[in-house]
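Residue numbers start from 1 in every chain, and the chains themselves are labelled A, B, ... in the order their sequence lines are given, proteins ahead of strands. From a predicted model like this one, the values you see are computed outputs, not experimental measurements.
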Amino acid sequence: MAVNTLKPVPRDALLNILQAKLGLTRDQMQAFRELFHKNDVILNVDGSIKPQTNVSGRTEQIQTTLQNVDSAGKLNSLANVNNTNTDFLTDGTGSPLTGGKRGFNALDSNNRLANSFRANPVNVSNAPTSSTTLSNDGISTSTTISAYTNQYPPGTVGYNSGSVDLGSFGSQYIYFDDPTFAGGAVAYAFTTSPQVQTAAEGRTVVGQITTVSGSAKTGGGTSGGTGGKPGGRGFIQG
Amino acid sequence: MAHTTEIVATQKMNNGQIAVCIRCCNNPSTDHWHTMPHDVVADPEKRKASVSQYHDLTAVQHANMDKAAADLMLDLGTDALSKTHDI
């Protein structure tokens, strides 16, 4: 069934006159018939396209095809979009799409962080599961961090052993940076300045130890050992 | 069983300290980072002395890991394959 329901104007009388006057062949007459037919069902006198016509291959009239397009050629409403997948959109100023996706992943239905692993480690309470994590033998200036596990609110994260060499005996705070709570092997760092413990968003404090030549010491963990202070954050020393 | 340790990575940290990663038997799970201040790193004798003990520690830890795993497998082998629970 034709989409365009318009009928051509009967022009047999005119065509017969043309054939008689001009001596047109059958093919030439057919060409005129097709020309008149196309004009009648597609075009208005002013040259505009009739709304009942259709784009070749489409099953709806062109007035339906364009009903949701305004005079500037723009879609008149986002309600008239079939595929609302925002993956097809280019992100705008301020990256609202990217930001929205991050918010969806990081926040819960109460607009709070879904879990503390979505926060920065420097702000997350954590407690070592060992009573001590730091040790020094009183002979070497190096402090050993034994492999240990940290208890965070959403779960535990294990860290490999490591070591730091202050270069001399004395007090040192030992920490590491693990912004994504990845765990495993981390490069431990040391400082004699307390403020460095909170100088980076991804920072976790292992503990403090004061090493003494000739005397073995321990530190860190939940107890602080024999010569130091505990690590972690936001819990009562054990 | 012989264990071989090697330094597989170095890192200059943003506080100026230098860290080296010691690995045993090419097994990344054994990675042990040792951090030194730049003045220890700059002195070959101090650097060698500082790092050497942790080559040993890393190898010992790996040996202990292997032994623990082997002991666990032995324990599992002696357990009954199934057990009936009268509940």
| Heavy-atom pair count under 4.5 Å with chain A, highest-scoring of B:Ile22, B:Val40, B:Asn15, B:Val51 | B:Asn15
| said: Can a side-chain donor-acceptor contact be found between A:Thr218 and A:Thr226 if the only test is distance below 3.5 angstrom? | reply: yes
| Top residue by heavy-atom pair count (under 4.5 Å) with chain B, among A:Ala199, A:Ala185, A:Ser161? | A:Ser161
| message | Please classify the contact between B:Met13 and chain A as side chain, backbone, both or neither, with a heavy-atom cut-off of under 4.5 Å. | response | side chain
| request: Just give me the residue among A:Gly167, A:Ala189, A:Ala147, A:Gly184 that pairs up with chain B most often, heavy atom to heavy atom, under 4.5 Å. | output: A:Ala189
| query | Given the options A:Leu166, A:Thr144, A:Val196, which has more heavy-atom pairs under 4.5 Å with chain B than any of the others? | reply | A:Thr144
| field | Derivation of the side-chain hydrogen bond (donor to acceptor under 3.5 Å, both in side chains) call for A:Gln197 and A:Thr191 | value | CA-CA 8 Å; A:Gln197 298 174 86; A:Thr191 182; over 6 Å; no
| field | Whether A:Phe181 and A:Phe117 hold their rings parallel, tilted or perpendicular, with breakpoints at 30° and 60° | value | tilted
| Interface moiety of A:Phe176 toward chain B, non-hydrogen atoms closer than 4.5 Å | neither
| said: Can you confirm whether B:His32 sits close enough to A:Ser163 that some side-chain heavy atom of one is under 4.5 Å from a side-chain heavy atom of the other? | reply: yes
| query | Most heavy-atom pairs under 4.5 angstrom with chain B, which of A:Ile145, A:Asp177, A:Val186, A:Thr141? | reply | A:Val186
| Side-chain H-bond candidate by donor/acceptor type, A:Thr210 with A:Gln208, under 3.5 Å | yes
| query | Counting heavy-atom pairs under 4.5 Å to chain A, which of B:Thr35, B:Leu57, B:Thr30 comes out on top? | reply | B:Thr35
| request: Consider only side-chain N and O atoms of A:Thr5 and A:Gln52, and report whether a donor and an acceptor are under 3.5 Å apart. | output: no
